[in-house]
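Below, chains carry the letters A, B, ... as their sequence lines are ordered, and counting in each starts from 1.
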Amino acid sequence: MKLSKSFVPTLKEVPNDAVVASHVYMLRSGMIRMLSAGIYSFLPLGYKVIKKISQIIREEMDFIGGQEFHLPGLNPREIWEESNRVEAFGETMFHIKNRDYILAPTHEEIMTFHARNVVKSYKELPQIWYQIQTKFRNEARPRSGVIRGRQFLMKDSYSFDATWEGLDKSYELHDKAYRRIFDRCDLKYFIVGASSGAMGGTGSEEFMVQSDAGEDTVAYCKSCGYAANVEVAKSRINSIKYDEKSSELKEIYTPNVKSIDELCEYLKINESQCAKSRVYIHNEKPILVLMSGNDEVNEVKLEKILGGAVRPAHTEELKEITGADAGSIGPIGFKGRIISDNQLINANNMYSGANKNDFHIGGIDFKRDVIEIEYFDLRVVKSGEECPNCSCKLEVFSAIELGHIFKLGTKYSNSMGANFLDESGKENPLIMGSYGIGVERVMACFIEQHHDENGIIWDKTLAPFQIHLIGLNMKKQEVVDATEKIYSDFKTNGIDVLFDDRVDAQAGFKFKDADLLGMPIQIIVGDKKLKENKVEIKIRKTNERIEVIIDELQSKVKDLIS
RNA sequence: CGGGGCGUAGCGUAGCCCGGUUCAUCGCGCCUGCUUUGGGAGCAGGAGGUCGUAGGUUCGAAUCCUACCGCCCCGACCA
């Protein structure tokens, strides 16, 4: 493809709206443009990458016996009423105003619709059906470019089995296919599994990529692969040790001391000697939650324990409930349920608020002084703590969800009446699985992981072109002749080349564009080297430069990209 | 949906606090001509704007006020 005739609008400056690297480079390299918040157009260069990713997905899906569909994005609302998901999706679902249609946010219902009354015998099972289609979700806050959009491309597949063992097998096949897909795309990913509780339920794995642009926070152990959403992650941590002697309770005057840090500073004590108090409201009743030092309360864990929604008490409520403002609240004299993090089991000689402004209490012995206390794991796991499985250090970071495989069971087949006849002639609901991959996310994550300060660094698998051919001074006939010859030779050899044949662009300008676009191999043709019958190869990734005799160029490049 | 920020040419911006002959600035990009061609060229000339939209205050509004729209960030939400 000749750059002089192509629509590749590169940008020299960083657009105002872009923050994360993948978004910046996708815009700057002329691969995407925004139409509206969370809605992007793919320009020719970007679409080439999407097609490459789709092709890899297609190959691996076909390999496990998947059959590709193409389903409508526009769906009658009544099908979605069958599974009660119009209500479940709520505001996230787009509704068409002048006809009773919705824009599909996923396709469980439609696949189930096609399966019911058609797939009727166990002899026809299992089936794996997939598609690569645009999904629509009315996201409250689209963000990070293509990573969270209101319209996005998803590979979604659905398995139908006659038995639960069959579902396990279909799930297993997807697990392997997903690993191959992401490996082929050269992504560094990890898997958050149901074993670590992220999704609950019987079987589900999320394929995640570490990224500051991510929306989930996960705890990950490099050594054993333990990975869990921080909402449920556990860590091994020693509880506070019990001193041999418990001292007496004593009230201490602590003017203007609010935070744990201030308390430690004022009393010259250690964080681990403090019990932090947070008041939550659950079922309209106050609950005091005690944490060690500066540990954060994990509200998801708390809700699981209490069995329902919680919210932190408002400032005004605190005074009413405890008689003190935040910063002076504590277990001694608190009227209501008191629960504490496991860290504080039977701790003694602790300091906490006195439920009286400007006072704290020291010498608290949880066993002696806080009789009806209950202990649970309530902490938010922190980086550097020990992995619950193997005792190595956990890392906590944000991550992007690339793919998700999920054992659905009979949720949709039951509600929509998709049944088959088993060997004994008995009618049973189809046992289903659903499996998704965010196609644009694969692209964005690749860029997040493969770029430098100059631009993208494509790998040959996903690169829109293998070669970026640069004619330095296209006003010199010898450069034109040489580059045109090289260009057509590559085309003859079936190698995809982007040819920067622009006449008026300066050398530096072309170099910068080439680094920005990031094709794996640059071939630089200038009149000086041409006199020696040579051109230069630059490897984008390593910055390595190789001089080659023109006659050897084709075979040299073949070696490099094989 | 809450909090914060922003909206001036294709992109990035100055001016806004303190309204008025600096009032529409500058850089990049674009067009024409000449020169230049190994890391984002030089000179000369040129095109491009309802200052997000609508009201209001005022003799006078990019500037002050109100509402709305759009975008970004944080949070809430996220089968």
Determine the Euclidean distance between corresponding [atom1] atoms of [M] and [N]; express it in Å to zero decimal places.
{"N": "B:rC65", "M": "B:rC74", "atom1": "C1'", "value": "28 Å"}
{"N": "B:rA54", "M": "B:rC69", "atom1": "C1'", "value": "10 Å"}
{"N": "B:rG27", "M": "B:rG70", "atom1": "P", "value": "34 Å"}
{"N": "B:rC28", "M": "B:rC78", "atom1": "P", "value": "49 Å"}
{"N": "B:rG49", "M": "B:rG5", "atom1": "P", "value": "32 Å"}
{"N": "B:rU32", "M": "B:rG48", "atom1": "C1'", "value": "15 Å"}
{"N": "B:rC31", "M": "B:rA47", "atom1": "P", "value": "15 Å"}
{"N": "B:rG7", "M": "B:rA62", "atom1": "P", "value": "16 Å"}

When the distance from [atom1] of [X] to [atom2] of [N] is rounded to whole Å, what number comes out?
{"X": "A:Asn543", "N": "B:rG39", "atom1": "CG", "atom2": "P", "answer": "14 Å"}
{"X": "A:Asp17", "N": "B:rC72", "atom1": "CG", "atom2": "P", "answer": "6 Å"}
{"X": "A:His23", "N": "B:rC71", "atom1": "NE2", "atom2": "C1'", "answer": "11 Å"}
{"X": "A:Arg28", "N": "B:rG12", "atom1": "CZ", "atom2": "C1'", "answer": "12 Å"}
{"X": "A:Asn138", "N": "B:rC77", "atom1": "CG", "atom2": "P", "answer": "17 Å"}
{"X": "A:Glu453", "N": "B:rG40", "atom1": "CD", "atom2": "P", "answer": "15 Å"}
{"X": "A:Phe509", "N": "B:rU37", "atom1": "CZ", "atom2": "P", "answer": "18 Å"}
{"X": "A:Glu206", "N": "B:rA79", "atom1": "CD", "atom2": "P", "answer": "10 Å"}

Respond yes when some side-chain nitrogen or oxygen of [X] is under 4.0 Å from OP1 or OP2 of [N], and no when none is.
{"X": "A:Arg141", "N": "B:rC73", "value": "yes"}
{"X": "A:Ser434", "N": "B:rA79", "value": "no"}
{"X": "A:Lys510", "N": "B:rG38", "value": "no"}

Please check this pair: side chain of A:Lys301 against backbone of A:Arg379, looking for a donor-acceptor N/O pair closer than 3.5 Å.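 Yes; judged by distance alone, with no hydrogens or angles, the pair exists.
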Can you tell me if A:Arg545 uses its side chain to pair, donor with acceptor, with the backbone of A:Ile537 under 3.5 Å?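 Checked: no pair found.
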Aromatic plane relationship, A:Phe182 with A:Phe207 - under 30° parallel, 30 to 60° tilted, over 60° perpendicular: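 Plane angle between 30° and 60°, so tilted.
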Nucleotide pairing, RNA chain B (Watson-Crick or G-U, distances under 3.5 Å), in dot-bracket with [ ] and |: (((((((..(((.......[.....))).((((((.....)))))).....(((((..]....))))))))))))....
Using a 6.0 Å distance limit plus a 45 degree cone around the ring axis, check whether A:Lys407 lies over the aromatic ring of A:Tyr171.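 Geometry flag: set, cation within 6.0 Å and 45°.
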By the 4.0 Å heavy-atom rule, please label [X] as base, sugar-phosphate, or nothing.
{"X": "A:Ala37", "value": "sugar-phosphate"}
{"X": "A:Arg33", "value": "nothing"}
{"X": "A:Lys538", "value": "base"}
{"X": "A:Asp504", "value": "nothing"}
{"X": "A:Glu108", "value": "nothing"}
{"X": "A:Ala505", "value": "base"}
{"X": "A:Ser144", "value": "sugar-phosphate"}
{"X": "A:Leu472", "value": "base"}

Quick one: on RNA chain B, does A:Leu35 or A:Phe152 contact a more 5' nucleotide (nearest heavy atom)?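 Comparing both residues, the 5'-ward one is A:Leu35.
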Earlier contact from the 5' end, RNA chain B, for A:Lys411 and A:Ala140: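 The residue closer to the strand's 5' end, by nearest nucleotide, is A:Ala140.
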Indicate, with yes or no, if the rings of [X] and [Y] have centres closer together than 6.0 Å.
{"X": "A:Phe446", "Y": "A:Trp458", "result": "yes"}
{"X": "A:His282", "Y": "A:Tyr280", "result": "no"}
{"X": "A:His23", "Y": "A:Tyr40", "result": "yes"}
{"X": "A:Tyr435", "Y": "A:Phe406", "result": "no"}
{"X": "A:Phe499", "Y": "A:Phe465", "result": "no"}

Hey, does the side-chain of [X] have a donor or acceptor N/O within less than 3.5 Å of a partner on the base of [N]?
{"X": "A:Gln506", "N": "B:rG39", "value": "no"}
{"X": "A:Arg143", "N": "B:rC72", "value": "no"}
{"X": "A:Glu13", "N": "B:rG27", "value": "yes"}
{"X": "A:Asn16", "N": "B:rG7", "value": "no"}

Given [options], the nucleotide with the shortest approach to the side chain of [X]:
{"X": "A:Lys12", "options": "B:rA41, B:rA79, B:rG29", "result": "B:rG29"}
{"X": "A:Lys512", "options": "B:rC72, B:rA79, B:rG39", "result": "B:rG39"}
{"X": "A:Ala507", "options": "B:rG38, B:rC71, B:rG39", "result": "B:rG38"}
{"X": "A:Lys475", "options": "B:rG39, B:rU36, B:rG40", "result": "B:rU36"}

Candidates A:Ile53, A:Ile437, A:Val146, A:Ile50 - the one meeting side-chain contact (heavy atoms from CB on, under 4.5 Å) with A:Leu153: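 The side-chain contact (heavy atoms from CB on, under 4.5 Å) with A:Leu153 is passed solely by A:Ile50 among A:Ile53, A:Ile437, A:Val146, A:Ile50.
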